[in-house]
Amino acid sequence: MNYGKIVHILGILLQVEGLLMALPLLVALIYHEKCWLYLGIVLAGALILGTLLRLKKTKKEKIHAKEGFVITALSWLVLSLVGAMPFWISGEIPDFIDAVFETASGFTTTGASILTNVEGMSHGLLFWRSLTHWIGGMGVLVFILAVFSSNADDMYLMKAESPGPSVEKMLPKVRQTAFVLYSIYLGLTVLNICLLLIFGMPAFDSFCISFGAAGTGGFGVRNDSLAGYSTSCQIIVTIFMFLFGANFKIYYLIIFRKFRDVLKCEEVLWYMILYGACVVLVVIGIIHDVGSFGTALKEAAFQVSSIMTTTGYATTDFNLWGTMPKMVLVLIMFVGACAGSTGGGMKVSRWVLWFKQIKCGLSRFLHPRSVKKIRLDGKTVDQETLSTANIYLMAYLMVFTVSVLLVSFDGFSFESTVTAVAATQNNIGPGLGTVGPTGSYFAFSGFSKIVMIFDMIAGRLELFPMLILFAPSTWRRK
């Protein structure tokens, strides 16, 4: 284990997090809020500690797969712990576990909140809360790679942090790939902000809501989430949530005019088909309650986009919908967005691979001597990718089952307990019952919140980095 390299990268991470805190500090100064002092203290502390961690030079620069997973898991834990400090020392979230829960929910783009009165928060800390979504959406390590990377072995960091069954370099160097990804991410975010401003959303709200849509997070700045904004703004957010839930490889191919390759992307095709089918089902389920087709279509399109991309914004209390539309939302919690997007969940590409494996297995029962290969995007999927996807499913079910059992000790209803774990592990935010779009996670015990903090980070990192971090063999010397 290359401990020196791990410490070095954690030092860079703390410096980056400290510098990013300058933005909410500036907002606090603009609004003449006292929280600028607390943000400044944490900012200075992060920069000093990060600099100290980087003082020692390391001879061994190579990053192996094990180091990549460990660095990624530790980075997200450190991000959450340090990022929680301004909430805690300011007293706006007085309980430290609650502060870490809120921050981890932000960085993992989950959007699950313990706050019962969002509008009572200061503008500076609300901005930091929403900015954590944007930072975590594409991944802070991807940002570090875009700025600092000069080593081909750093691909292990991108693989460990980027969601999906496989990660490929779109350009020859890791740094170039990371830079392109962040350029697309920033461009779409700026476009989202501009459109919201044009259609009348206040500037502060436009930035915070766009950060949440870009990171597919879901932290709002109003108690009613997005219900109080105009229909035009809700439609814009619907579109951008969907765009950020697609594989960013599509945008790369479009930018570089590789239109034939765009048509070969099966995952995005199924993503669009599934989205359309779910919207139709929800419209059928709620049209009698809302009274008009237009309203039903708007609410269905928004909520399906929000839940499927694991963003978590709401324009209505879907907790009051009938069984069928609520069931549609719960099921797509587990599907999630595309691989290579900012969304969570199991990812559409994995579901495509699992269905193709089932189809292939049934075909072998009927024709034992036949040899069939599973293909995705016109390419044969290797056995290692299929095996990893299957192991991920088993690990996912194990973590989900254990988490539900542990959280159930709090005594909440079956609906609240199961959807709370589903919403945190799939990085969605709102569930049903107590944790519905108008509820919060405040009433859960500190132990349950710790379990769900683990679920949020593990879900964002596709489970393996967090599980490897807690495996004794990871730290055992040869």
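- Phe127 is not listed as a side-chain neighbour of Val221, based on a closest heavy-atom distance of 4.5 Å or more.
- Under the ring pair (Phe, Tyr, Trp, His ring centres under 6.0 Å) rule, Phe101 has a single partner from Phe96, Phe107, Tyr441, which is Tyr441.
- Under a 3.5 Å cut-off, the side chain of Asn247 and the backbone N or O of Cys338 do not form any donor-acceptor pair.
- For the pair Leu13 and Ser75, the tightest heavy-atom approach, listed with the atom from each and the gap, is CD2-O, 3.4 Å.
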task: List the steps and the verdict of side chain to side chain contact (heavy atoms under 4.5 Å, CB included) for Ser80 and Ile453.
output: CA-CA 9 Å; Ser80 301; Ile453 288 169; 6.0 Å; no
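- Pairing each heavy atom of Met456 with each of Ala104, the nearest pair is CE-CB, 4.2 Å.
- Between the side chains of Glu299 and Thr315, no donor-acceptor pair is found at a separation under 3.5 Å.
- Arg460 contributes no side-chain N or O that, together with a main-chain N or O of Trp76, makes up a donor-acceptor pair within less than 3.5 Å.
- Pairing each heavy atom of Met85 with each of Val42, the nearest pair is CB-CG2, 3.7 Å.
- Using the six-membered ring where Trp is involved, Phe334 and Tyr396 have ring planes that are perpendicular, over 60° apart on the 30 and 60° scheme.
- Put simply, CE on Met466 and CG on Asp455 are 9.5 Å apart, with the number rounded to the nearest 0.5 Å.
- Between the side chain of Thr342 and the main chain of Ala214, a donor-acceptor pair closer than 3.5 Å is present.
- Between Phe240 and Phe244, the ring-plane angle classifies as tilted under the 30° and 60° cut-offs.
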field: Residue pair Met346, Leu393: steps toward the side chain to side chain contact (heavy atoms under 4.5 Å, CB included) verdict
entry: CA-CA 8 Å; Met346 293 172 130; Leu393 177 60; 3.6 Å; yes
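- No side-chain donor-acceptor contact under 3.5 Å links Ser306 to the backbone of Gln303.
- Ser305 and Met241 make their closest contact through OG-CB, 3.5 Å (heavy atoms, listed as atom of the first residue, atom of the second, distance).
- Using cut-offs of 30° and 60° for the angle between ring planes, the Tyr185 and Trp134 rings count as parallel.
- Looking only at side-chain heavy atoms (C-beta outward), Ile391 and Met394 come within less than 4.5 Å of each other.
- The cationic atom of Lys347 (NZ for Lys, CZ for Arg) does not lie both less than 6.0 Å from the six-membered ring centre of Tyr271 and within 45° of the ring axis.
- Judged by distance alone, the side chain of Asn223 and the main-chain N or O of Val118 form a donor-acceptor pair under 3.5 Å.
- Counting heavy atoms from C-beta outward, Leu115 and Arg129 have side chains that approach closer than 4.5 Å.
- Residues passing the side-chain hydrogen bond (donor to acceptor under 3.5 Å, both in side chains) test with Ser413, sequence neighbours excluded: Ser416.
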task: Run the numbers on Asp410 and Ser445 for side-chain hydrogen bond (donor to acceptor under 3.5 Å, both in side chains), then give the verdict.
output: CA-CA 7 Å; Asp410 276 1; Ser445 67; 2.9 Å; yes
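- Checking Glu92 against Ser122 by side-chain atom types alone, a donor-acceptor pair falls below 3.5 Å.
- Looking at heavy atoms from C-beta onward, Val27 lies out of side-chain contact with Leu23 at the 4.5 angstrom threshold.
- Looking at every heavy atom in both residues, Asn319 comes nearest to Lys326 through O-NZ, 3.5 Å.
- Counting heavy atoms from C-beta outward, Val100 and Leu81 have side chains that approach closer than 4.5 Å.
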Worked verdict on Thr316 versus Ile286 for side chain to side chain contact (heavy atoms under 4.5 Å, CB included): CA-CA 12 Å; Thr316 185; Ile286 68 174; over 6 Å; no
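- Using a 4.0 Å cut-off between a side-chain N of Lys or Arg and a carboxylate O of Asp or Glu, Lys249 and Glu267 do not qualify as a salt bridge.
- Taking CD1 of Ile450 as the start and CG of Leu406 as the end, the distance is 11.5 Å to the nearest 0.5 Å.
- Aromatic ring centroids of Phe219 and Phe211 lie 6.0 Å or more apart.
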message: Applying side chain to side chain contact (heavy atoms under 4.5 Å, CB included) to Phe204 and Leu126, what does each step give before you reach the verdict?
response: CA-CA 10 Å; Phe204 178 81; Leu126 274 181; 4.0 Å; yes
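- Taking the six-membered ring where tryptophan is involved, the planes of Phe412 and Phe444 are tilted, since the angle between them lies from 30° to 60°.
- Within 6.0 Å of CZ on Phe442 lie no more than 12 heavy atoms contributed by other residues, nucleotides or ligands.
- For the pair Pro24/Leu131, a side-chain contact is recorded, criterion being any heavy-atom separation below 4.5 Å from C-beta on.
- The environment of Trp321 atom CH2 is dense: over 12 non-hydrogen atoms of other residues, nucleotides or ligands sit within 6.0 angstrom.
- Checked by atom type and distance alone, the side chain of Thr424 pairs as donor or acceptor with a backbone atom of Val421 at under 3.5 Å.
- In this structure, CG on Leu25 lies 12.5 Å from CG on Leu20, to the nearest 0.5 angstrom.
- Counting only distance, with no hydrogens or angles, the side chain of Thr110 and the backbone of Ala112 share no donor-acceptor pair below 3.5 Å.
- Under the 6.0 Å cut-off for aromatic ring centres, Tyr313 and Phe302 do not qualify, their centroids lying 6.0 Å or more apart.
- Of the possible polar contacts, none joining the His123 side chain to the Ala28 backbone as a donor-acceptor pair under 3.5 Å is found.
- By the 4.5 Å heavy-atom criterion applied to side chains, Tyr229 and Val237 are not counted as neighbours.
- Between the side chain of Tyr251 and the main chain of Leu181, no donor-acceptor pair closer than 3.5 Å is present.
- Counting only heavy atoms from C-beta outward, the side chains of Lys449 and Ile114 approach each other to under 4.5 Å.
- The minimum heavy-atom distance linking Cys35 with Gly124 is given by the pair SG-CA, 3.9 Å.
- Ser206 places a side-chain N or O within 3.5 Å of a backbone atom of Met201 that can act as its donor or acceptor partner.
- By the neighbour-count criterion of 12 heavy atoms within 6.0 Å, atom CE of Met327 is sparsely surrounded, having that number or fewer from other residues, nucleotides or ligands.
- More than 12 heavy atoms of other shown residues, nucleotides or ligands fall within 6.0 angstrom of atom CH2 in Trp354.
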- request: Tell me, with the steps shown, if Ser232 and Ser230 meet side-chain hydrogen bond (donor to acceptor under 3.5 Å, both in side chains).
  value: CA-CA 5 Å; Ser232 300; Ser230 67; 4.7 Å; no
